[in-house]
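Shown next, in structure tokens, is the structure this report addresses.
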2 protein chains.
Amino acid sequence: MRPPRISRAQVLDATFDLASEAGLAAVTMRAVAARLDVTPMALYRHVGDKQGLLDGLVERLMAEITVPDVAPEEDWRAVLRSMARNIRAVARRYPDVFVLLFQRRAVTEGAQGPRQVVFRALRAAGVPEGELAGTERMLSTFVYGFAASEAGGRFAGLNIEAEFDYTAGHVEKLIEALAADSR
Amino acid sequence: MRPPRISRAQVLDATFDLASEAGLAAVTMRAVAARLDVTPMALYRHVGDKQGLLDGLVERLMAEITVPDVAPEEDWRAVLRSMARNIRAVARRYPDVFVLLFQRRAVTEGAQGPRQVVFRALRAAGVPEGELAGTERMLSTFVYGFAASEAGGRFAGLNIEAEFDYTAGHVEKLIEALAADSR
DNA sequence: ACCTGAACACCGTTCAAGT
DNA sequence: ACCTGAACACCGTTCAAGT
């Protein structure tokens, strides 16, 4: 019987700080433990193992994806673009952690907040109810792919903002077409 | 003066085989060396370091992306779908290696063959010359994002073929719209 | 219940030496 | 030029022990 010296939240905070400052490669059980002035083995009770630590890191990353405070009914285009820009910014700040999103299906699990905002925006655009879920998945697949490409340097040498506007414009037309079909 | 016992090609072959059989985590300098009956240090002359080994692995992965033998002028939709299916198959077979594509910009470097095929298909669809490059990037970003999502399990619980058809259908409409605008 | 300490089986990489 | 051997500074994780 002993009072806990550290919590899962503290472990994840330390992990996230470490990843922000020194990248994913610096995230080791030992380094995280050192930050908390604790033995590596102390972490196992709180996060399971290294895999669990990384899952927690992805959780924290998802929490970084904030929701714009524009009302979706006002301007659905602005809402969607602002969400996409936010996701891209997160990808740029944590490029190596970001790709973990693809491997952990956390994209569907957590971040229900952002998803609801996208739903409202798509509804405001006139996308029929039955197409909402499919469209949201299509959209998020696109945005995450774009953000990962950008953060990984796949668009190196290009004008990325122009690239984004080009793509976003076409996706908006796609959404408009979906709305028009339903009428 | 001594005859070489191994070549870069052999090292990469062993690396690729190892990754296919046991996943990316099993790819260590020591394990690759053991496959070639050689000391770990022998690899350094041929691939530089671990990073260089992984770059070579991505090279090999790109080479797995084959080009359909349908003439693009015949049915551009079939060509694009067949390429997308092939990329998805590669992602499913090597899920953890596949995400490295996002981090190495190899997508733009190598694989010029597939890119040319996409160009021809888009031309056949009627996409104007000036929009070809941008459309191809948009398309590949989409396909790679979809493939990575699928391989990583982000679509778990969904009918993935239906999901693909849904998305592909909308992307085709997007391409048709691009072609129509130019007339 | 929670943490420590020592130990085990791994890593990538250096450096000097051998042929 | 090409490979080896020993060594260094790391890893994640186990297990028994302490409080």
Side-chain angles (χ1 to χ4, degrees), chain A residues 1-61 94-97 99-100 103-104 106, chain B residues 1-61 94-97 99-100 103-104 106:
Chain A
M1 304 293 170
R2 212 201 231 223
R5 284 168 50 84
I6 53 171
S7 66
R8 185 179 130 93
Q10 285 176 67
V11 173
L12 265 31
D13 284 344
T15 304
F16 192 70
D17 290 349
L18 198 56
S20 311
E21 294 168 19
L24 187 63
V27 175
T28 68
M29 299 298 277
R30 294 168 126 100
V32 171
R35 273 209 169 225
L36 297 165
D37 266 309
V38 132
T39 286
M41 286 317 301
L43 306 179
Y44 282 78
R45 183 160 309 268
H46 301 281
V47 295
D49 58 0
K50 179 79 186 281
Q51 191 75 225
L53 190 79
L54 294 180
D55 288 342
L57 182 57
V58 171
E59 266 179 43
R60 281 284 202 276
L61 193 75
Y94 316 96
D96 40 14
V97 184
V99 296
L100 293 182
Q103 294 173 313
R104 319 251 151 185
Chain B
M1 303 292 171
R2 215 201 228 220
R5 284 167 52 84
I6 54 172
S7 65
R8 184 179 129 94
Q10 285 177 65
V11 173
L12 263 31
D13 285 344
T15 305
F16 191 69
D17 290 349
L18 198 57
S20 311
E21 294 167 19
L24 187 63
V27 175
T28 67
M29 299 299 276
R30 293 168 127 100
V32 171
R35 273 207 168 225
L36 297 166
D37 266 311
V38 131
T39 287
M41 286 317 301
L43 305 180
Y44 282 77
R45 184 159 309 265
H46 302 281
V47 295
D49 58 359
K50 179 79 185 284
Q51 190 75 224
L53 190 81
L54 294 180
D55 288 342
L57 182 57
V58 170
E59 266 178 42
R60 280 284 201 279
L61 193 74
Y94 316 96
D96 40 15
V97 184
V99 296
L100 293 183
Q103 295 174 314
R104 319 250 150 184

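We name chains A, B, ... by the order of the sequence lines, and we start the count at 1 in each one.
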Out of dT4(C), dC2(C), dT19(C), minimum distance to the side chain of V38(A) belongs to dT4(C)
To the nearest angstrom, the CZ-P distance between R30(B) and dC11(C) comes to 6 Å
Numerically ordered, the residues 39-47 of chain B set in heavy-atom contact under 4.0 Å with DNA chain D is T39(B), M41(B), A42(B), R45(B), H46(B)
Closest non-hydrogen atoms of A42(B) and I6(B), given as atom of the first, atom of the second and distance, are O-CD1, 4.0 Å
To the nearest angstrom, the CG-C1' distance between L53(A) and dC11(D) comes to 14 Å
- Between R5(A) and D37(A), is there a donor-acceptor pair closer than 3.5 Å when you use the side chain of the first and the backbone of the second? yes
Separation of dC11(C) atom P from Q51(B) atom CD, nearest Å, is 18 Å
With L12(B) as partner, the option from D55(B), V47(B), L57(B) fulfilling side chain to side chain contact (heavy atoms under 4.5 Å, CB included) is V47(B)
- Task: Using a 4.5 Å cut-off on heavy atoms from C-beta on, say whether the side chain of L100(A) contacts that of L24(A).
- Result: yes
Can you find a heavy atom in the side chain of D13(A) that is under 4.5 Å from one in the side chain of R60(A)?
yes
From CG of L54(A) across to C1' of dC11(D) the rounded distance in Å is 14 Å
Writing each nucleotide of DNA chain C 5' to 3' as (, ), [, ], | or . by Watson-Crick or G-U pairing under 3.5 Å yields ||.|||||...|||||.||
When every non-hydrogen atom of D96(A) is compared with those of Q103(B), the smallest separation belongs to CA-NE2, 3.7 Å
Between A19(A) and V27(A) the two heavy atoms that sit nearest each other are CB-CG2, 3.8 Å
For the residue pair V11(A) and T15(A), establish whether any side-chain heavy-atom pair is separated by less than 4.5 Å.
yes
Taken to the nearest whole Å, CG/L36(A) to C1'/dT4(C) is 15 Å
Rounded to whole Å, the CZ-C1' distance (R2(B) to dC2(D)) equals 5 Å
Taking every heavy atom of A31(A) against every heavy atom of A26(A), the minimum-distance pair comes out as CB-O, 3.6 Å
Here the pair of heavy atoms bringing R35(A) nearest to D17(A) is NH1-CB, 3.6 Å
The nucleotide from dC2(D), dG12(D), dT13(C) with an atom nearest the side chain of K50(B) is dT13(C)
Shortest non-hydrogen pair, R30(A) vs P40(A), comes out as CG-CG, 3.8 Å
Which of dT4(D), dG12(C), dT19(D) is nearest the side chain of M29(B)? It is dG12(C)
Ordered by number, residues from residues 6-13 of chain A within less than 4.0 Å of DNA chain C (heavy atoms) are I6(A)
